[in-house]
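Right, one structure below, let's go through it.
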Amino acid sequence: MEYDFKAIESKWREYWAKTGIFKTPARPIRSGGPASPLPELTAGQAGKKKYYLLEMFAYPSGDIHIGHFRNYAMGDAYYRYKKMCGYDLLHPFGWDAFGLPAEEAAIKNKLHPRNWTLNNITTSRTTLQDLSISYDWDREVITCQPDYYKWTQWIFLLLYKRGLAYQADSFVNWCPGCKTVLANEQVDAQGQCWRCHSDVGKRNLKQWFFKITDYAERLLKDIDKLTHWPENIKTMQRNWIGRSEGTEIQFPIANCELRIGVFTTRPDTIYGVTFMAIAPEHPLVEKLVTPEQKDKVAAYVKQALAKSEIDRASADEKDGVFTGSYAVNPLSGEQVQLWVTDYVLVHYGTGIVMGVPAHDQRDFLFARKYNIPIKVVINPPAKTLSPETMTEAYADEGVMTNSGPFNGLPSAEGIGKVTEYVRKKGLGEPNVHYRLKDWLLSRQRYWGAPIPMVHCPKCNVQPVPESDLPVLLPEDVKDFIPKGRSPLADVKKFMDAKCPKCGGPAQRDPDTMDTFVCSSWYHLRYTDPKNTKEPFSKAEAAKWLPIDTYIGGSEHACGHLIYFRFITKVLYDAGWVNVDEPAVRLFNQGMVMDEKGEVMSKSKGNAVSPIDLMNTQGMDASRLAIFFAGPSETEMVWSDQVVVGARRFINRLYQLVESLPPATAEAVGDTRKLAAAAEMSKLYRKMHLTIKEVTEDIEQFHFNTALSKIMELVNNIYDVKNLLRHPTRAADMEGVKGIIRKATRVAVQLIAPLAPHLAEELWEKLSEQNSIFNQAWLKHDPSALEQEKIELVIQVNGKVRSHITVPSGTAEDEIKKQALADEKVQQILKGAPPKKVILIPGRLVNIVG
RNA sequence: GCCGGAGUGGCGGAAUGGCAGACGCGUCGGACUCAAAAUCCGAUCUCCGCAAGGAGGUGAGGGUUCAACUCCCUCCUCCGGCACCA
């Protein structure tokens with residue numbers, strides 16, 4: 001009979017839904033008694049039974065496509081495997097439901113963003129349920145619902161109370177397309193908006209920030225704890241945080257009281273300073289410019305700010321304008337000109353640099369352009385540089401020269417010596433700077449969580465009291481077309497508020513929060529999603545945290561994956577959670593591409609619907625095809641071709657089970673005795689080897705090799721079965737049937753995480769009553785892997801020349817003797833004595849002639 | 001430019017110091033069939049050879065080793081990330 005995937009898959013889908021097999025156990029079993037509030041149990045502790053498996057939740061942009069499906073199918077397979085291993089699992093799902101596309105779609109379709117979003121969620125949820133992904137839907141979270149964003153606002157207030165949320169005027173990334181500000185993480189390498197790819201500009205606005213820089217050092221240092229995270233993600237985070245050790249040195253301004261600090265990693269070049277440079281946005285520019293230069297500087301600043309980030313960064317020429325002020329080199333006493341230039345970044349270091357043209361390429365270009373002197377203070381080993389002949393800066397190490405008391409010192413040593421000197425003189429001190437900037441979270445958009453702050457004319461900024469949360473997003477807003485300021489600013493009913501401090505009239509903050517705030521703590525809400533009194537209870541969080549395996553795309557390396565580490569640390573410091581890192585293991589799944597090699601996505605219109613696949617190919621066949629296509633972490637190309645092998649395999653296994661004698665003939669007794677004949681003992685061994693290898697593979701997300709090994713087992717079963725077609729030893733028949741049946745059961749159990757509907761059906765056919773997912777995962781018998789006879793490869797000079805079979809446990813000398821006596825070996829050696837004989841036990845003998 | 005990752009049959013890929021190409025797709029041959037599909041069996045890295053067998057072979061070149069897809073050095077190509085970071 002053909003395998004009727006439609007009937008069988010829907011039968012088991014309904015069965016799982018009815019029996020509630022994916023529900024989270026109320027109390028995960030922990031060794032050492034029931035969970036207590038904030039117990040000391042953490043992941044990695046021996047005997048723990050809980051398992052928190054999480055896939056990154058989804059932005060509900062329409063329906064689930066095959067790219068999502070690959071991600072969720074991996075999680076589902078791993079869930080089912082872990083369940084069979086006896087873990088109590090938390091495997092929730094939810095929706096990252098605030099965000100710009102909802103507004104855009106709403107404007108286009110004349111739908112409220114809320115309705116558009118909730119409709120998409122309904123569609124996508126139904127799809128996931130149809131696909132039998134093992135989520136506990138009782139724990140679903142939807143970030144745009146007041147019962148969720150109430151606690152997002154609570155998190156904001158927590159950060160505010162802890163001095164980690166502040167409002168500041170600053171030049172921020174402004175996307176003219178989205179008409180909102182963007183976090184640094186949302187501007188790509190081309191200086192464009194991550195969503196609409198408009199060139200991002202700069203605007204000076206008063207905005208809310210989270211002080212993630214306070215956590216820079218810990219976020220960096222604790223990367224070392226993440227031993228089960230992919231190396232590339234950790235490297236990306238390290239680069240993103242960008243720790244840089246250097247020295248901050250104060251330069252007095254001539255003829256005035258001001259001093260300016262510069263940050264440098266090369267204090268050894270300080271005697272080579274021939275100018276100073278300040279960023280155009282720097283607040284001190286106004287104070288440092290002299291009246292004569294005022295107009296020129298103002299014009300320059302204006303045009304610099306008008307440039308897009310990318311134009312500014314890609315300019316080959318370094319240009320600038322003299323401010324009219326002079327800075328005094330605190331070591332040499334020399335006076336140098338202070339320039340404004342846009343190659344200095346206001347956000348990095350102090351926003352002011354010392355210009356050392358001889359030893360910094362950018363400074364060199366700048367000095368050449370404006371005829372600023374070049375002074376050599378580092379000479380390369382055994383060479384003397386001359387400013388006149390230099391064509392580029394010499395930035396490497398060397399020997400200090402023209403540097404007063406430091407002459408003759410190797411520059412590497414000079415760094416420490418100069419720092420020490422300025423520190424003693426009170427002119428500066430060692431300092432560390434980070435590339436990481438504070439997290440800009442205000443958005444001038446409607447569809448987000450309102451910022452729970454009010455602005456009182458008397459009391460300034462005041463937090464909304466916790467008891468007044470949530471600050472509800474007004475629903476009856478019709479005009480959310482972006483205008484460059486928050487649509488909420490025009491909703492009088494929303495804006496008018498009482499000051500929590502003085503009770504006087506005040507205004508709400510009109511901005512909403514970056515959606516990355518919503519997604520930075522959802523993993524915590526899952527532990528206690530219906531709590532109305534707290535964001536989550538400490539006890540529930542303690543039960544489940546940390547996430548044991550987190551599955552998601554590597555594109556979140558420097559965004560979400562840093563933010564959720566940060567928020568977890570803040571909550572750890574505040575005593576809410578007992579882990580300071582959210583996820584023990586991170587797994588990055590590869591993307592799904594179409595046959596042209598392009599990423600599948602809704603916007604490209606090339607996305608394959610998993611529902612279509614389910615209807616045409618079957619869910620299990622589609623899953624197996626996805627798993628088999630290649631390693632889980634690499635990209636895969638989807639084509640209908642890849643399902644062919646999977647479908648054949650499913651039929652092959654189904655036919656195998658169908659062809660077994662009735663259950664009464666089951667001979668599952670002492671299979672070792674049955675394994676008398678050579679073929680049988682080979683199959684018996686293969687069965688245990690497969691259990692071992694498949695277990696190891698699934699544990700490591702190597703679903704492709706796991707499946708290939710199950711295929712091998714099934715092929716071997718067929719080989720043995722084919723022997724029955726021409727039986728020569730009738731007495732062995734029953735034993736052979738028994739081992740076939742046993743091995744088939746094993747194959748069915750091993751395939752269960754990968755092809756769950758098929759496995760349930762076959763399990764039932766094998767006369768089992770209970771769900772296969774309530775069965776214990778198989779354990780291999782190590783003694784079954786031992787072989788009575790071992791085949792060894794015989795090499796001569798590293799080339800395979802022959803094979804011998806020896807009883808296991810044969811003495812090394814005996815093996816070597818036999819190897820040398822081999823006919824083939826004799827032919828090649830021609831009687832000459834071997835120089836060396838190398839024996840690798842259980843593998844090979846290499847004879848060096 | 002800097003930092004990661006990768007490069008293996010016609011294709012997806014396997015093997016992380018020990019028989020390169022497991023498993024699957026495709027192709028070819030055979031069985032079944034009136035025929036086809038499906039299914040089953042066999043072959044399938046390249047070259048020489050009827051065969052037995054032999055030689056070469058994992059981006060290129062060098063090295064370490066009894067033995068290298070695997071480790072080391074140099075280079076090429078592709079992918080990803082960062083990039084005026086002082």
*Identify whether the glycosidic angle of B:G30 places it syn (within 90° of 0) or anti.*
anti

Once you round it to whole Å, what is the distance between [atom2] of [N] and [atom1] of [X]?
{"X": "A:I260", "N": "B:A86", "atom1": "CD1", "atom2": "C1'", "answer": "14 Å"}
{"X": "A:L792", "N": "B:C66", "atom1": "CG", "atom2": "P", "answer": "21 Å"}
{"X": "A:Q361", "N": "B:G1", "atom1": "CD", "atom2": "P", "answer": "14 Å"}
{"X": "A:N232", "N": "B:C2", "atom1": "CG", "atom2": "P", "answer": "20 Å"}
{"X": "A:E823", "N": "B:A52", "atom1": "CD", "atom2": "C1'", "answer": "13 Å"}
{"X": "A:R238", "N": "B:G80", "atom1": "CZ", "atom2": "C1'", "answer": "17 Å"}
{"X": "A:Q641", "N": "B:G10", "atom1": "CD", "atom2": "P", "answer": "18 Å"}
{"X": "A:I223", "N": "B:G81", "atom1": "CD1", "atom2": "P", "answer": "18 Å"}

*Do A:R565 and A:Q237 have side-chain atoms, one donor and one acceptor, less than 3.5 Å apart?*
yes

_Under 3.5 Å, is there a donor on one side chain and an acceptor on the other for A:R647 and A:Q617?_
yes

*Evaluate the ring planes of A:F516 and A:Y563, with Trp represented by its six-membered ring, and classify them as parallel (under 30°), tilted (30 to 60°) or perpendicular (over 60°).*
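The rings of A:F516 and A:Y563 sit tilted, inter-plane angle from 30° to 60°.
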
[atom1]-based separation of [M] from [N] [nearest Å]:
{"N": "B:G9", "M": "B:A43", "atom1": "C1'", "value": "15 Å"}
{"N": "B:U58", "M": "B:A6", "atom1": "C1'", "value": "13 Å"}
{"N": "B:C66", "M": "B:A60", "atom1": "C1'", "value": "26 Å"}
{"N": "B:U44", "M": "B:C23", "atom1": "P", "value": "12 Å"}
{"N": "B:G21", "M": "B:C82", "atom1": "P", "value": "41 Å"}
{"N": "B:G30", "M": "B:C78", "atom1": "C1'", "value": "43 Å"}
{"N": "B:G10", "M": "B:G61", "atom1": "C1'", "value": "28 Å"}
{"N": "B:G17", "M": "B:G54", "atom1": "P", "value": "29 Å"}

*Could you tell me whether A:R647 contacts a base, only the sugar-phosphate backbone, or nothing, with contacts defined as non-hydrogen atoms closer than 4.0 Å?*
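Result for A:R647 = nothing.
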
*When all nucleic acid strands are considered with a 4.0 Å heavy-atom cut-off, which category describes A:V344: base, sugar-phosphate, or nothing?*
base

In Watson-Crick or G-U wobble terms, both distances under 3.5 Å, what is the partner of [N]?
{"N": "B:G4", "answer": "B:C79"}
{"N": "B:G56", "answer": "B:C45"}
{"N": "B:G61", "answer": "B:C73"}
{"N": "B:G21", "answer": "none"}
{"N": "B:A15", "answer": "none"}
{"N": "B:A38", "answer": "none"}
{"N": "B:C32", "answer": "none"}
{"N": "B:A86", "answer": "none"}

_Donor-acceptor contact present, side-chain A:E633 to main-chain A:G590, <3.5 Å_ = no

*asked:* Rounded to the nearest 0.5 Å, what separates atom CG in A:L219 from atom CZ in A:R238?
replied: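 A:L219 CG to A:R238 CZ: 12.5 Å, rounded to 0.5 Å.
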
Short side-chain N/O contact to [N] OP1/OP2 from [X], under 4.0 Å:
{"X": "A:T634", "N": "B:A6", "value": "no"}
{"X": "A:K799", "N": "B:G57", "value": "no"}
{"X": "A:N715", "N": "B:G24", "value": "yes"}
{"X": "A:K234", "N": "B:G81", "value": "no"}
{"X": "A:N722", "N": "B:C41", "value": "yes"}

*Among A:T264, A:N431, A:D268, A:T419, whose side-chain hydrogen bond (donor to acceptor under 3.5 Å, both in side chains) with A:T247 holds?*
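Of the listed options, the one satisfying the test is A:T419.
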
Compile the donor-acceptor pairs under 3.5 Å between side chains in residues 701-709 of chain A and protein atoms, sequence neighbours left out, one pair per line.
residue	atom	partner	partner atom	Å
A:T705	OG1	A:D697	OD2	3.0
A:T705	OG1	A:H702	O	3.2
A:S708	OG	A:T705	O	3.0
A:K709	NZ	A:D697	OD2	2.9

*asked:* Between A:T350 and A:M236, which residue's closest nucleotide on RNA chain B lies nearer the 5′ terminus?
replied: A:M236

_Return whichever of A:A646 or A:Y718 has its heavy-atom-nearest nucleotide of RNA chain B closer to the 5' end._
A:A646

*Give a yes or no on whether a salt bridge exists between A:E791 and A:K789, defined as a side-chain N under 4.0 angstrom from a carboxylate O.*
no

*Is any side-chain N of the basic residue among A:R362 and A:D360 closer than 4.0 Å to the acidic one's carboxylate O?*
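Yes, charged N to carboxylate O under 4.0 Å.
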
*Along nucleotides 14-22 of chain B, 5' to 3', which nucleotides get a B, which get an S, and which get a -, given that the test is a protein heavy-atom distance under 4.0 Å?*
S---BB--B

Between [options], which nucleotide gets closest to the side-chain atoms of [X]?
{"X": "A:V644", "options": "B:G26, B:C3, B:A86", "result": "B:G26"}
{"X": "A:R648", "options": "B:C85, B:C25, B:G24", "result": "B:C25"}
{"X": "A:R435", "options": "B:C66, B:C3, B:C85", "result": "B:C85"}

*Check whether more than 12 heavy atoms from other residues, nucleotides or ligands sit under 6.0 Å from atom CD of A:E429, and answer yes or no.*
no

